[in-house]
Engineer: 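Structure below; questions to follow.
Read the numbers this way: they start at 1 and go in the same order the structure lists the ligands and their atoms.
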Amino acid sequence: MKRTVVQGDITKCAVDAIVNAANSSLLGGGGVDGAIHRAAGPDLLAECRTLNGCPTGDAKLTNGYRLPARYVIHTVGPVWRGGNSREPELLARCYRRVLEIATEHRLTTVAFPNISTGVYGYPKDKACAIALKTVQEFGQQGDTPVQEVQFVCFDDENYRLYQQGLSENS
Ligand code: ADP
């Protein structure tokens with residue numbers, strides 16, 4: 001499984017699925033969630049309303065509607081509470097659950113935003129290390145049709161961290 005880093009807006013990514021850093025209601029919010037709903041159009045919210053929310057660390061798939069991506073996989077990252085509230089485990093679980101769902105749906109390309117590193121306050125360096133490691137381990141573990149995982153970085157700090165992290169461990 002190839003891991004790549006790109007800087008930019010995830011709503012522009014023409015991949016099989018983009019990942020949304022949603023909140024547990026799945027009814028929209030700010031940050032990347034707001035951008036995805038704006039770009040996908042109102043049908044996305046209508047489908048999300050049928051899903052009855054999503055627990056932290058889990059993920060659910062919808063169509064992509066007006067997005068160039070065919071699907072959106074909505075996941076709910078942990079709010080950073082200092083690091084002793086199972087945040088690392090829950091963040092890793094988000095990346096794994098998304099890749100499990102992508103595998104079930106036979107998807108080939110998946111683009112992740114930097115989950116939890118916006119308003120949820122997860123330290124970017126720690127979140128980056130977990131994202132890279134969890135995706136790498138998933139790729140090594142077994143059979144998956146997922147060939148490419150893109151880490152889509154919106155801000156310069158995340159972009160630098162992911163470039164550095166991938167160059168050190170690839
Ligand atoms: P969370 O609540 O999980 O912290 P946020 O949306 O606040 O979610 O932030 C998650 C990450 O998404 C942040 O690193 C933020 O810079 C990034 N982000 C915001 N808008 C976009 C976008 N359009 N495309 C990709 N990443 C984005």
Engineer: List the steps and the verdict of side chain to side chain contact (heavy atoms under 4.5 Å, CB included) for Val149 and Lys2.
Structural biologist: CA-CA 6 Å; Val149 169; Lys2 190 166 89 174; over 6 Å; no
Engineer: Which parts of the protein, at residue level, reach under 4.0 Å of ligand 1 through a heavy atom?
Structural biologist: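 Those residues closer than 4.0 Å to ligand 1 by some heavy atom are Gly8, Asp9, Ile10, Ala21, Gly31, Val32, Ala35, Asn114, Ser116, Thr117, Gly118, Val119, Tyr120, Phe154, Asp155, Asn158.
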Engineer: Tell me which pairs pass side chain to side chain donor-acceptor pair (under 3.5 Å) where either residue lies in residues 88-97, with sequence neighbours left out.
Structural biologist: Asp58-Arg97, Arg86-Glu89, Glu89-Arg93, Arg97-Glu100
Engineer: Would Asp156 and Gln7 count as having a side-chain donor-acceptor pair, cut-off 3.5 Å?
Structural biologist: yes
Engineer: Within this structure, what is the CG-CG distance for the pair Leu26 and Leu51, rounded to the nearest 0.5 Å?
Structural biologist: 6.0 Å
Engineer: Would you list the atom pairs, donor with acceptor, under 3.5 Å between side chains in residues 105-112 and any protein atom, with sequence neighbours excluded?
Structural biologist:
| residue | atom | partner | partner atom | Å |
| --- | --- | --- | --- | --- |
| His105 | ND1 | Ile101 | O | 3.1 |
| Thr109 | OG1 | Asp16 | N | 3.0 |

Engineer: With a cut-off of 3.5 Å and sequence neighbours excluded, list every side-chain donor-acceptor pair involving residues 61-71.
Structural biologist:
| residue | atom | partner | partner atom | Å |
| --- | --- | --- | --- | --- |
| Thr62 | OG1 | His74 | NE2 | 2.9 |
| Tyr65 | OH | Glu47 | OE1 | 2.6 |

